[in-house]
**Student:** 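Have a look at this one before I ask anything.
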Amino acid sequence: MLLLLALMSTYSLSLVREASIVLHLRLENTLKYITVESALKVLAFSRDHQKPVELELNGYLLKTYKDGNKWYIKIEKDGIREIYSE
């Protein structure tokens, strides 16, 4: 009986841990989505005002720049970069 309870407890703890990991990943994805949406607004600001912007938002570094006639925004965190254009 004690062995069965120990096995059930171990299984329950592993489920809780997995749920915690999934929740953490969902929160990270939501934070990134919000950051990208905000970054696109910063990109529009740079385009409209013809000024580059560099800022940190939610742990991400955002930097706008112009190459030729087109504006871009670079989003960077933990060595991973994404670049979006207007």
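Predicted, not measured: the structure shown is a model, and the values here were computed from it.
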**Student:** Between Glu86 and Lys70, what is the shortest heavy-atom contact and its length?
**Tutor:**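 Scanning both residues completely, I find the closest heavy atoms to be OE2-CA, 3.4 Å.
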
**Student:** How long is the straight-line distance from NE2 of His24 back to CD1 of Ile21, given to the nearest 0.5 Å?
**Tutor:**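 Between Ile21 CD1 and His24 NE2, I get 9.5 Å after rounding to 0.5 Å.
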
**Student:** Using the rule that two of Ile, Leu, Val, Met, Phe, Trp, Tyr join whenever any of their side-chain heavy atoms come within less than 4.5 Å, decide whether Leu40 and Val42 are in one cluster.
**Tutor:**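 Looking at the clustering, Val42 is in the same group as Leu40.
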
**Student:** Is there a continuous path of hydrophobic side-chain contacts, each under 4.5 Å between heavy atoms, that joins Leu55 to Tyr84?
**Tutor:**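 Yes: a chain of side-chain contacts under 4.5 Å links Leu55 to Tyr84.
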
**Student:** Tell me whether His49 at atom NE2 has more than 12 heavy atoms from other residues, nucleotides or ligands lying less than 6.0 Å away.
**Tutor:**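 Yes, because the 6.0 Å sphere around NE2 of His49 holds more than 12 heavy atoms from other groups.
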
**Student:** Please answer: with hydrophobic residues joined when any side-chain heavy atoms are less than 4.5 Å apart, are Leu61 and Leu57 in the same cluster?
**Tutor:**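 In one cluster with Leu61: Leu57, no.
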
**Student:** Nearest 0.5 Å, what's the CG-NZ distance between Leu31 and Lys77?
**Tutor:**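 Reported to 0.5 Å precision, the distance equals 6.0 Å.
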
**Student:** Could you grab the distance from atom CG of Asn29 to atom NZ of Lys32, nearest 0.5 Å is fine?
**Tutor:**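 One gets 8.0 Å once the value is rounded to the nearest 0.5 Å.
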
**Student:** Under a 3.5 Å distance rule, please check whether Thr64 uses its side chain to pair with a backbone N or O of Leu43 as donor and acceptor.
**Tutor:**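 It does not hold such a pair.
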
**Student:** Should Leu62 and Ile73 count as side-chain neighbours, where that means a heavy-atom distance under 4.5 Å?
**Tutor:**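 Yes, side chains in contact.
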
**Student:** Distance-only, no hydrogens or angles: does the Thr30 side chain make a donor-acceptor pair with backbone N or O of Arg26 under 3.5 Å?
**Tutor:**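 Such a contact is found between Thr30 side chain and Arg26 backbone.
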
**Student:** Does one hydrophobic cluster hold both Val36 and Tyr72, with members joined at side-chain heavy-atom distances below 4.5 Å?
**Tutor:**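 No; tracing contacts between hydrophobic side chains, which count when under 4.5 Å, never links both residues.
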
**Student:** Between Gln50 and Lys66, is any pair of side-chain heavy atoms under 4.5 Å apart?
**Tutor:**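 When only atoms from C-beta onward are counted, Lys66 and Gln50 do touch, with a gap below 4.5 Å.
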
**Student:** Could you state the interatomic distance from CD (Glu54) to OG (Ser46), rounded to the nearest 0.5 Å?
**Tutor:**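 Result: 11.0 Å between the selected atoms.
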
**Student:** Can you tell me how far the CD atom of Glu28 sits from the CG atom of Asn58, to the nearest 0.5 Å?
**Tutor:**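 Output value for this atom pair is 10.0 Å.
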
**Student:** Using the rule that Ile, Leu, Val, Met, Phe, Trp and Tyr join whenever any side-chain heavy atoms are under 4.5 Å apart, tell me whether Ile34 and Ile75 fall into a single cluster.
**Tutor:**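 The answer is no; the residues belong to distinct hydrophobic clusters.
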
